[in-house]
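The block underneath contains the structure these notes are about, expressed in structure tokens.
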2 protein chains.
Amino acid sequence: MNRPAGKADPVMFSLLEAAHALEQRLESALAEVGLSMAKYGVVSQLARAGQPLALGELATRQSCVRSNMTQLIDRLEADGLVRRVDDPGDRRSVRAAITRLGEERAAAGARAMKRVQDDFAASIPPRDREVLIRMLAGVK
Amino acid sequence: MNRPAGKADPVMFSLLEAAHALEQRLESALAEVGLSMAKYGVVSQLARAGQPLALGELATRQSCVRSNMTQLIDRLEADGLVRRVDDPGDRRSVRAAITRLGEERAAAGARAMKRVQDDFAASIPPRDREVLIRMLAGVK
DNA sequence: GCGGGACGGTTCATAGGTGAACAAAATATC
DNA sequence: GATATTTTGTTCACCTATGAACCGTCCCGC
């Protein structure tokens, strides 16, 4: 994202840089199957749910605001990965239904994610794993 | 950023979540002095440089593309924290000069950053510090 | 000296994110 | 049952970021 620069304590910035590098790797792995992190989040959520989900529900699950989900679903709909469907039980609500193509992309995306993840796991010495988990939990 | 969700390996996502939480804390600490991470990066760079810097140079230092710096400087100029000045030696070049107000904000931003940083450092057991540094370096 | 790159900044389209304001619909509350 | 409140999605304005296209300027090689 940016270079806060300066001498500063290197640990915090190392953490931010490492996370950023990791995000870049995930983004480019997903890009190969025509997805972004944001889009993958939604289609994988829908694929796992096995049924259409309300936009507000999706926003909650992806921890973002509703207006963001509106736009994201606009783009996913334009990509043909998702369809907006009415909720017969609540006329305010709009639900997102995954398409066949969306399911295929979600599956391909999951494989791409797994490759990066395995790669990452392999770069962490098993001995250090617990230490890392413990420290990261403390940051939240 | 988003919730990749699923069971998945928790370590990678813990790292991403921790970094995200940290970024949020930095953003809100800076927001109290009217800055964002992006803006702080530029004004602190200029304050440290002690002289106007070319936009391309700033973009390189902040690791972003030049078009992004153009817009960021637009906003900083609107905020009155920075001024565009000509480079007498190269008529293509545009340099950013920090204003008095910009210097004040940079200083206030640095204090805000330091608070978060100290807070973060305190949450890392000194014993684990080296382990964390080593692992994060391996992720790059 | 001049023609062709290389370089520097801007503009535009696109993507992803936020928060405020809004209309329509669903619920409470009385 | 009529009124007030909450909830839902959208729209809008804004911020940050990228990459392509563009234009003016600089500089190199000939």
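Small disclaimer: the values here were computed from a predicted structure and weren't measured. Numbers restart at 1 for each chain; the letters A, B, ... are given by sequence-line order, proteins then strands.
Between B/Gly89 and B/Lys39, the residue anchored closer to the 5' end of DNA chain D is B/Lys39, taking for each the nucleotide with the nearest heavy atom. Nearest-nucleotide positions on DNA chain C for A/Asp79 and A/Asp90 put A/Asp79 closer to the 5' end. With the nearest nucleotide of DNA chain C identified for both B/Gln71 and B/Arg92, B/Arg92 has the one nearer the 5' end.
Protein atom CD1 of B/Ile73 is 12 Å distant from nucleotide atom P of D/dA17, rounded to whole Å. If you measure from atom CE of A/Met69 to atom C1' of D/dT7, you get 17 Å, rounded to the nearest angstrom. Atoms CG (A/Leu58) and P (D/dT10) sit 12 Å apart, rounded to a whole Å. As a whole-Å value, the separation of A/Arg91 CZ from C/dT27 P is 12 Å. Nucleotide C/dG9 holds its C1' atom 17 Å from the CD atom of B/Gln62, rounded to whole Å. Distance B/Met37 CE to C/dG17 P: 17 Å, rounded to the nearest Å. Between the CG atom of B/Leu72 and the C1' atom of C/dT10 there is a distance of 15 Å, given to the nearest Å. The distance from atom CD of B/Glu57 to atom C1' of C/dG9 is 15 Å, rounded to the nearest whole Å.
A sub-4.0 Å separation between OP1 or OP2 of D/dC14 and a side-chain N or O of B/Arg75 is absent. Between A/Ser93 and D/dG9, a side-chain N or O to OP1/OP2 separation shorter than 4.0 Å is present. Between A/Arg66 and C/dG17 there is no side-chain N or O to OP1 or OP2 distance below 4.0 Å. OP1 or OP2 of D/dT18 lies within a sub-4.0 Å distance of a side-chain N or O belonging to B/Asn68. One finds a side-chain N or O of A/Arg84 lying less than 4.0 angstrom from the OP1 or OP2 phosphate oxygen of D/dT10.
Note on A/Ser67: a base of the nucleic acid sits closer than 4.0 angstrom, heavy atoms only.
Residues A/Asp119 and A/Arg115 are not paired through a salt bridge, judged by the lack of any N-O separation under 4.0 Å between the basic side chain and the carboxylate. Of the charged side-chain nitrogens involved, none lies within less than 4.0 Å of a carboxylate oxygen, so that B/Arg83 and B/Glu77 do not count as a salt-bridged pair.
Linking Ile, Leu, Val, Met, Phe, Trp and Tyr residues whenever their side-chain heavy atoms come within less than 4.5 Å places B/Leu35 and B/Leu101 in a single cluster.
Of the inter-residue distances, the one linking A/Glu57 atom CD with A/Arg95 atom CZ reads 11.0 Å to the nearest 0.5 angstrom. Here the CG-OG distance, from A/Leu53 to A/Ser93, works out to 10.0 Å after rounding to the nearest 0.5 Å.
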